[in-house]
Trainee: 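Before I ask anything, here is the structure I am working with.
Atoms within a ligand are numbered from 1 in the order they appear, just like the ligands themselves.
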Amino acid sequence: MVNRSADPTTPLPRFPADFVWGASTAAYQIEGAAEEDGKGPSIWDAFVRRPGAVRDGHTGATACDHYHRFGEDVALMRRLGLDAYRFSVSWPRVLPSGTGRVEPRGLDFYDRLVDALLDAGIEPTPTLFHWDLPQALEDQGGWMSRDTAYRLGEYAAVVAERLGDRVRRWITLNEPFVHMSFGYGFGVHAPGRALLLGAVPVAHHQLLGHGLAVAAIRAAAGPDGTQVLIANNCSPVRLRPDAASEADRLAADAYDTLHNRLFNDPLLTGSYPDLSVYGLSDPSWGGIVRDEDLKVIAAPLDGLGINYYNPSWITAPADPASGLPFDLVEPQETYRRTAFDWPVVPDGLTDLLLGLKARYGEALPPVWITENGCSEPAGLDDAARVDYLAGHVDAVARARAQGVDVRGYFTWSLLDNFEWAEGYHQRFGLVEVDFATQARTPRASFEWYRALIAAQKPQKS
Ligand code: BGC
């Protein structure tokens, strides 16, 4: 696979003037100030203390110190010409115990951030839950408990009541699939529970929380043009040419069900896919899914956020006793690899978008790419990142040309930041951060993205 050229003379794809160009971050990955202004502990504050949980014992205690430096960061966004900025609200900053007492200083921070963004002409696009559950709620079962869904709804109401007069676009959850599988299935992310397939209730409880949050946002913000989205991690599933038997196809289907359909079907069609291959043949999953839940989950969405990094290659399990109906394998083809060793496959994004349209048809709302980007070695001359971004923006243009209604593209990420279990070892930023001094330096990819945005908006240049 040859990647798209990052040659600056290559014409940039054209998008409509109202296409939204953005960048994304998340609270625990950038804010720091982990114990400041009354913030309660989150599951990540606890997880990073576990020996061996995060590479080299890194933590997000200071991260990019964005809590104190957001003014500088908004100035960078303005220089970049962003239309929108996707950040997440830290639940335990606003509700230190996850429920009950609101911490006004926490809400004040997001109030100031929203105002600074609006002053810079940038649309604030908050995500309510990007994995930093208040530890107090984890102590009561976390997302294995149905109650957590109701707590998310209450928290959504608190934030929307405060910011809903200025925020027009909301995202409820970030990647419920990754939170379920990494956090509760394999235990490589907080809260570090290794329940394997026993983690599936976490999917339903997050989705129920999403539906309750949609209702809370709409009630607080009123009907005037407020948009509510969710950001799902989606991965097109591929078979290797050397492994395309019927058993492989069944395995691919099983993986697609777990990674993609489990999270998109209930939102868009109001029903779960058949999970009998995962031992859940009863539609209520043994009483987890209650009668009215799917109506709550399928509340109409204004957009579906898609976080795309790469496809998944699947074969039938080599070891039938592995407990999973698939194996995740490496592709046979040679792709360029990011610093994370992830294959760079821009056409996977086009396939994914076309596949969503084919699967959901009229039920597919407008799509937003809410994350896409790559980790690359430290340094300012990040031609590899430019190549990645150029290829993927082009992939979006190709899906649009084939009829997929994509309204915006947010790159991951504005800044180098705390990359979860990898600590500060993976750098995803358009802006390099020196974590010893907190100096921010835009990379070549920053200039490339600035030029791309400017070229789409002649009136701004
Ligand atoms: C997450 C981000 C993360 C990125 C790169 C996504 O799964 O939403 O928080 O940093 O991927 O791993």
Trainee: Between Thr148 and Gly142 (side chain of the first, backbone of the second, donor and acceptor by atom type, cut-off under 3.5 Å), is there such a pair?
Mentor: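 Looks like yes, one N/O pair under 3.5 Å.
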Trainee: Taking atom 4 (C) of ligand 1 as the point of reference, which of Tyr28, Tyr309, Phe182 owns the nearest heavy atom?
Mentor: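 Closest candidate by heavy-atom distance is Tyr309.
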Trainee: Which option wins on minimum heavy-atom distance to atom 5 (C) of ligand 1: Glu419, His179, Gln426?
Mentor: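 Comparing heavy atoms across Glu419, His179, Gln426, the nearest one to atom 5 (C) of ligand 1 lies in Glu419.
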Trainee: Using distance alone, determine whether Asn417 and ligand 1 share an N or O pair under 3.5 Å.
Mentor: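 No - when backbone and side-chain N and O of Asn417 are compared with those of ligand 1, no distance drops under 3.5 Å.
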Trainee: Which residue supplies the protein heavy atom nearest to atom 7 (O) of ligand 1, what is that atom called, and how far is it?
Mentor: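 Ranking protein heavy atoms by distance from atom 7 (O) of ligand 1, first comes Glu175 OE1, 2.5 Å.
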Trainee: Got a salt bridge between Asp293 and Arg146, using NZ or NE/NH1/NH2 to carboxylate O under 4.0 Å?
Mentor: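 So Asp293 pairs with Arg146 through a salt bridge.
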Trainee: What atoms of ligand 1 come within less than 4.0 Å of a heavy atom belonging to His130?
Mentor: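 Close to His130: 1 (C), 2 (C), 8 (O), 9 (O).
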Trainee: Applying the ring pair (Phe, Tyr, Trp, His ring centres under 6.0 Å) criterion to Trp21, which one of Trp368, Tyr85, Phe15 satisfies it?
Mentor: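 So, applying the ring pair (Phe, Tyr, Trp, His ring centres under 6.0 Å) to Trp21 and each of Trp368, Tyr85, Phe15, only Phe15 qualifies.
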Trainee: Please confirm whether the ring centroid of His58 lies under 6.0 Å from the ring centroid of His425.
Mentor: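 When the ring centroids of His58 and His425 are compared, they turn out to be within the sub-6.0 Å range.
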Trainee: Output the list of atoms in ligand 1 that are nearer than 4.0 Å to some heavy atom of Trp342, sorted by atom number.
Mentor: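 Taking each heavy atom of Trp342 in turn, ligand 1 has 12 (O) under 4.0 Å.
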Trainee: Considering only heavy atoms of Trp131, which atoms of ligand 1 have at least one such atom less than 4.0 Å away?
Mentor: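 Near Trp131, meaning under 4.0 Å from one of its heavy atoms, ligand 1 has 1 (C), 7 (O).
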Trainee: Look at ligand 1 and say whether Asn174 reaches it with a heavy atom at a distance under 4.0 Å.
Mentor: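 It does, in that a heavy atom of Asn174 comes within the 4.0 Å cut-off of ligand 1.
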Trainee: Does Glu422 have a heavy atom less than 4.0 Å from any atom of ligand 1?
Mentor: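 Judged by the 4.0 Å heavy-atom criterion, Glu422 does not count as contacting ligand 1.
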Trainee: Report the nearest protein non-hydrogen atom to atom 6 (C) of ligand 1: residue, atom name, distance rounded to 0.1 Å.
Mentor: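 Ranked first by proximity to atom 6 (C) of ligand 1 is Glu371 OE1, 3.1 Å.
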Trainee: Centres of the Phe19 and Tyr409 rings: under 6.0 Å?
Mentor: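 Not under 6.0 Å, so no.
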Trainee: Heavy-atom contact check, 4.0 Å cutoff: does Tyr308 meet ligand 1?
Mentor: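 It does not; every heavy atom stays at 4.0 Å or beyond.
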Trainee: I'd like to check whether Asn233 has a polar contact with ligand 1, where a contact means an N/O of the residue lying under 3.5 Å from an N/O of the ligand.
Mentor: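 Asn233 vs ligand 1: no N/O contact under 3.5 Å.
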Trainee: Go through it in stages, so that I can follow the logic: the residues are Arg240 and Glu330, the test is salt bridge (Lys or Arg N to Asp or Glu O under 4.0 Å), and I'd like the CA-CA distance, side-chain angles, deciding distance and then a yes or no.
Mentor: CA-CA 9 Å; Arg240 293 164 36 142; Glu330 289 298 328; over 6 Å; no
Trainee: Under 6.0 Å from the six-membered ring centre of Tyr272 and within 45° of its axis: does the NZ or CZ of Arg261 meet both?
Mentor: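 No, cation not above the ring by the 6.0 Å, 45° rule.
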Trainee: Please answer whether the main-chain N or O of Phe340 pairs with a side-chain N or O of Thr338 as donor and acceptor at a distance below 3.5 Å.
Mentor: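 Yes, because the side chain of Thr338 sits within donor-acceptor range (under 3.5 Å) of the backbone of Phe340.
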